[in-house]
2 protein chains.
Amino acid sequence: MTELPRYLQLLWGREPEGRRGPKPGRTIEEIGAAAVAIADRDGLEAVSMKSVAQAVGFTTMSLYRYVDSKEELTAVMLDLAYGPPTFRYPRRSTWRKRITLWAKEIATVRLARPWSVELAQGGPPLTPNALSWTERGLEALAGTPLTSQERLSALLAIDVWGQNHVRLSTQMGLVGRSDPDRVEVSWFGLILRVVDKERFPHLLTAGAESLDDADEDFFEEEFERGLGLLLDGIAALIARQS
Amino acid sequence: MTELPRYLQLLWGREPEGRRGPKPGRTIEEIGAAAVAIADRDGLEAVSMKSVAQAVGFTTMSLYRYVDSKEELTAVMLDLAYGPPTFRYPRRSTWRKRITLWAKEIATVRLARPWSVELAQGGPPLTPNALSWTERGLEALAGTPLTSQERLSALLAIDVWGQNHVRLSTQMGLVGRSDPDRVEVSWFGLILRVVDKERFPHLLTAGAESLDDADEDFFEEEFERGLGLLLDGIAALIARQS
DNA sequence: TGCCACTGTGTATGCCGCAAGCAGTTATTA
DNA sequence: TAATAACTGCTTGCGGCATACACAGTGGCA
């Protein structure tokens with residue numbers, strides 16, 4: 001069993017006792033917050049070891065006293081972007097209402113920090129805030145007959161879907177109310193120039209019909225559609241276990 | 001309406017007529033295939049404009065005659081990694097069986113190219129093979145009462161979930177049969193060192209129970225779990241529309 | 001109390017990657 | 001036939017990540 005990575009030691013307050021040497025000039029939270037501020041203002045590509053170091057009054061290489069790599073820095077950033085979950089579940093609410101709230105809160109956090117969905121994904125959650133959100137998701141499913149594996153599996157599916165929804169909506173410029181005639185036209189309009197009816201009959205039909213039914217607010221309506229589908233799947237599973 | 005990006009023109013065979021100048025020395029497929037071969041052999045980080053150029057007998061900057069950026073090169077790589085869908089749906093099969101096959105085939109492709117799930121996602125599908133897979137997914141849902149938006153939404157949810165499943169399983173070293181006592185122990189064992197029962201009661205319970213019920217083959221069993229949930233959701237939607 | 005190992009910061013440096021710009025050659029169009 | 005667009009190689013600039021080391025500060029131990 002190897003030692004905890006440095007950044008996790010720091011984030012969790014789990015440093016070994018009796019560290020010698022000068023006291024650190026900054027906390028890992030300060031460093032992460034500086035990186036988040038840069039990403040918020042100038043986008044993810046503006047976050048470099050150098051820009052972050054400058055923002056906290058260090059020189060570049062001192063950051064490696066807190067994180068071993070830039071990848072670890074981005075993990076810290078994501079944890080800070082998430083922050084602790086502060087919402088409350090209504091009293092006596094159904095699991096469905098609670099999970100819906102959980103998913104909406106996550107999407108809100110992600111939307112406030114669009115750069116967070118562009119970060120490379122580095123594995124399962126390990127940081128304090130990320131795990132706090134997992135805990136809140138499990139709390140929402142408390143009292144259901146699902147096994148633990150089924151609970152974790154369901155939360156993962158919703159989380160992954162939600163991230164992708166934010167990312168795709170952002171990339172397509174479809175966050176917020178939009179002209180129904182313009183919704184998805186950038187994607188469909190583009191593929192219309194290359195696909196032929198012989199090879200892509202279903203796609204052409206689906207695309208045209210989607211334009212007819214175009215959402216007034218793609219982000220919100222597709223959120224309901226996709227989350228509804230996932231919740232229905234969970235409901236079916238619960239019904240089978242009852 | 002702007003011009004099609006160069007790489008899409010090339011991939012779709014949609015170049016304007018009458019291009020002057022020397023004939024290109026390579027096709028975009030050849031360049032993409034060289035990049036895929038490098039990624040297969042040495043991993044994604046070994047793919048640089050330089051290494052790809054060398055592999056096809058060019059110098060670095062000539063690649064920009066085919067793609068405008070490295071990002072476009074990775075889109076070409078992904079399309080080639082997918083290849084055209086070659087599977088067949090059984091005659092008279094249910095939508096559920098067809099979608100299951102579709103999802104499994106995608107996962108197989110992704111598993112054969114684990115680097116493909118690490119690529120940054122650049123928006124909705126635009127390339128020939130990627131769109132062919134979408135077409136096959138729509139074909140699997142033909143005959144169901146779902147609207148086109150619901151169909152696209154369902155396919156997207158499954159695709160996204162499948163990619164994440166491959167990525168996470170690969171990152172956690174959980175592809176193929178494994179010692180049940182070791183499954184997820186790397187993740188849970190790690191968080192056990194930092195989480196406390198007061199703050200994370202549900203997580204600790206879920207983790208311990210998951211270890212008790214540990215899968216013999218995490219990848220396969222979690223695939224069934226997660227896909228089952230999504231399919232149940234689609235089934236509920238279909239039942240409501242019937 | 002003094003010595004020494006460990007730790008925090010700055011500095012110097014190396015290597016690599018992406019891509020703008022230009023020169024020379026090739027093939028099509030006017 | 002001349003002009004022009006397109007293909008390739010070459011040059012170059014800039015920025016980023018991270019190894020290694022010097023110096024100063026702090027705690028553990030004899």
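The shown structure was predicted, so the numbers you read here are calculated from the model rather than taken from an experiment. Numbered from 1 within each chain, the chains take letters A, B, ... in sequence-line order.
A search for side-chain contact (heavy atoms from CB on, under 4.5 Å) contacts involving B/Lys197 returns B/Leu204, B/Thr205, not counting sequence neighbours. In terms of the side chain to side chain donor-acceptor pair (under 3.5 Å) criterion, residue partners of A/Arg136 (sequence neighbours excluded) are, by chain and number, A/Glu139. Remark: B/Met61 pairs with B/Tyr64 by the side-chain contact (heavy atoms from CB on, under 4.5 Å) rule, at least two apart or across chains. For A/Ser148, the side chain to side chain donor-acceptor pair (under 3.5 Å) partners two or more places apart in sequence, or in a different chain, are B/Glu209.
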Listing, residues 22-30 of chain A side-chain donor-acceptor contacts under 3.5 Å, not counting sequence neighbours, or none:
from    : atom 1 : to      : atom 2 : distance (Å)
A/Arg26 : NE     : A/Val56 : O      : 2.9
A/Arg26 : NH2    : A/Val56 : O      : 2.8
A/Thr27 : OG1    : A/Glu30 : N      : 3.1
A/Thr27 : OG1    : A/Glu30 : OE1    : 3.3
A/Glu30 : OE1    : A/Thr27 : N      : 2.7

Would you be so kind as to tabulate the donor-acceptor pairs closer than 3.5 Å made by side chains of residues 120-128 of chain A, with sequence neighbours excluded?
from     : atom 1 : to       : atom 2 : distance (Å)
A/Gln121 : NE2    : A/Gln163 : OE1    : 2.8
A/Thr127 : OG1    : A/Asp79  : OD1    : 2.6

Please write out each protein N/O paired with an N/O of nucleotides 28-30 of chain C under 3.5 Å, distance rounded to 0.1 Å.
from   : atom 1 : to      : atom 2 : distance (Å)
C/dT28 : OP1    : B/Lys23 : NZ     : 3.3

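Listed by first then second residue, pairs satisfying side chain to side chain donor-acceptor pair (under 3.5 Å) with a partner in residues 31-58 of chain A read A/Asp40-A/Arg113, A/Asp40-A/Trp115, A/Ser48-A/Ser51, not counting sequence neighbours.
Rounded to 10°, the helix from C/dT1-D/dA30 to C/dA30-D/dT1 has 10° between the axis fitted to its first five pairs and the one fitted to its last five.
Contacts with DNA chain C (heavy atom under 4.0 Å) in residues 33-57 of chain A: A/Gly57, listed by number. Shown for residues 61-78 of chain A: residues whose heavy atoms fall under 4.0 angstrom of DNA chain D, namely A/Met61, A/Tyr64, A/Ser69, A/Lys70.
Running 5' to 3' along DNA chain D, contacts with non-hydrogen atoms of chain B at under 4.0 Å begin and end at D/dT4 to D/dT11.
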